[in-house]
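Order of the sequence lines sets the chain letters (A, B, ...), proteins ahead of strands, with each chain counted from 1. No hydrogens, no waters, no symmetry mates; every other heavy atom, side chains included, goes into these values.
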Amino acid sequence: MIRVQREDFDIGAELDRLAAGDHRVGGVASFVGLVRDMGGANRVSALTLEHYPGMTEKKLAEIEAEANRRWPLAASLIIHRYGRLEPGDRIVLVATASPHREAALAACHFLIDWLKTDAPFWKSEETPQGERWVEARAEDEAARQRWSGGG
Amino acid sequence: MIRVQREDFDIGAELDRLAAGDHRVGGVASFVGLVRDMGGANRVSALTLEHYPGMTEKKLAEIEAEANRRWPLAASLIIHRYGRLEPGDRIVLVATASPHREAALAACHFLIDWLKTDAPFWKSEETPQGERWVEARAEDEAARQRWSGGG
Amino acid sequence: MRLLYFAWLRARIGQAEEDLALPADVHNVAGLLDWLSGRGPRYAEALRDLSVVRVAVNQDYVGRNHPVRDGDEVALFPPVTGG
Amino acid sequence: MRLLYFAWLRARIGQAEEDLALPADVHNVAGLLDWLSGRGPRYAEALRDLSVVRVAVNQDYVGRNHPVRDGDEVALFPPVTGG
């Protein structure tokens, strides 16, 4: 399941719901991305996430379908927020449930790596020097490339 | 932090507490292990987890220290339950918080893999054929070996 | 054709979207970017470094040779930074 | 010496722990396992296949050559299955 929303989410409730009643599930892996403020010269007082409504949902659904094609998942969930967020706020939740620990862990890792490079979101940060657009990181592209070649 | 307990835990509360107030944290990875019942001939109505009090805490603390040595973690948490549990019940929670997504994900994976082979817990299952001790899986040993050789 | 701009491309061009009639001699993404660059200083500035401009046609990432047609939804944006 | 048994080793031996005086000629884990096997049919049965018996001395995993001394806490158990 995918959700793109302005509102915060409740991790415990989401993870409980993910595997609820399915007793074949042996493991639930999750990743939560938070707004980070490293302080000092890189002080970030807030960030705003912009996205491409329509394409975002399409890409997240494709990414989720690909994870389900590669691993035997009982359930998966991607929630991505947009709008203005402050340090410590939750941005994204990726969660996977599977009978097998390795499948849940690998699929979760795959989903967040792909989402970083394929989901049309853009961050701008509020800093002491004014607003600035976050630049894409080469490491994110490299992390994504690891999963190329058909799992 | 490590905890060995009979009681259930609240994932949302634990994950919130893990990174609370630390704005350098950009990602929280977690894995929850659940009691699984694959049904059919392998029907499991409950399992009982026995452990070695004293050594369990020692080993979990060593595993956690090793993860913190290998990756730049802001916080980590292992909660492992013992006693009688039913399908769908939570057994274990591993969670890691880091400024860096890759560190949080890798450390979480490492912790659950090591815990599977190094923490002195034993499961016995209640099945239609009576009680049986769960046997160790070669895959778990192989998964653990991947992390050998100093990170 | 509907054009959408995101992030600093939106900021530099000064609008989030516009409807344009595609010139007859523009057949693909490369041609569209070239034609847009000539529409004024804001476009020229926004599209100065095409190595950091990504394009989606009808909500799929495409390369520079991808065809464009009137009726398409074409989006221009920098490399994504979500997650 | 304090001996602890877990999982099916506890079940087969019939107790969770016992205090024993270490015979003078037992110096390491291998010697201890050999001596224990001779203490009766329950021990012999429990320790029949040593390939599935793990040993911890003072709460650390050890090999068969590890020394044992009176005063040690020695635990015998099958391969672990937690998590």
Side-chain angles (χ1 to χ4, degrees), chain A residues 2 4 31-36 44 47-63 78-83 85 90-94 108-125 130-141 143-144, chain C residues 1-20 22 28-29 32-33 36-37 41-83:
Chain A
I2 63 159
V4 182
F31 179 83
V32 181
L34 304 167
V35 179
R36 194 174 58 158
V44 171
L47 63 74
T48 300
L49 267 150
E50 175 178 338
H51 78 114
Y52 181 174
M55 182 166 172
T56 304
E57 290 79 359
K58 182 171 192 279
K59 282 294 147 191
L60 292 182
E62 285 174 13
I63 293 167
I78 304 173
I79 305 177
H80 205 305
R81 295 176 69 190
Y82 61 90
L85 302 172
R90 287 175 274 267
I91 303 172
V92 62
L93 170 67
V94 168
C108 179
H109 201 153
F110 167 88
L111 283 170
I112 186 68
D113 280 355
W114 265 45
L115 191 154
K116 283 263 175 191
T117 60
D118 285 42
F121 287 90
W122 301 273
K123 291 190 185 106
S124 73
E125 294 175 334
E131 205 148 343
R132 69 169 175 230
W133 291 97
V134 174
E135 287 188 35
R137 296 161 65 242
E139 303 97 284
D140 287 334
E141 185 54 39
R144 201 276 212 196
Chain C
M1 162 176 292
R2 182 167 209 73
L3 275 156
L4 306 175
Y5 310 112
F6 292 98
W8 53 256
L9 271 150
R10 173 182 47 69
R12 290 189 196 164
I13 289 173
Q15 56 188 337
E17 53 183 274
E18 57 185 326
D19 287 300
L20 289 175
L22 196 63
N28 64 13
V29 168
L32 176 66
L33 292 172
L36 282 174
S37 300
R42 283 181 159 270
Y43 290 91
E45 163 61 16
L47 300 173
R48 193 165 39 87
D49 179 4
L50 288 178
S51 74
V52 287
V53 174
R54 300 284 178 272
V55 180
V57 172
N58 299 326
Q59 306 188 350
D60 273 317
Y61 296 109
V62 298
R64 297 295 195 251
N65 296 323
H66 192 86
V68 292
R69 268 179 286 268
D70 245 331
D72 281 349
E73 173 176 303
V74 179
L76 274 53
F77 45 77
V80 305
T81 56

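Nearest approach of C:F6 to A:P53, heavy atoms of both residues: CE2-CD, 4.5 Å.
Of the atoms belonging to A:K123, heavy atoms from both backbone and side chain fall under 4.5 Å from chain C. Only the backbone of A:E135 comes within less than 4.5 Å of a heavy atom of chain C; no side-chain atom from C-beta onward does. When heavy atoms are compared at a cutoff of 4.5 Å, A:S124 does not approach chain C at all. C:R10 touches chain A through its side chain: at least one heavy atom from C-beta onward sits under 4.5 Å away, while N, CA, C and O do not.
In this structure, A:M55 and C:E73 have side chains that are not in contact, with every pair of non-hydrogen atoms separated by 4.5 Å or more. Looking only at side-chain heavy atoms (C-beta outward), A:K59 and C:V80 stay at 4.5 Å or farther from each other. Under the 4.5 Å side-chain criterion, counting only non-hydrogen atoms from C-beta, A:F121 is not in contact with C:T81.
Between C:F77 and A:Y52, the two ring planes are perpendicular [angle over 60°; tilted spans 30° to 60°].
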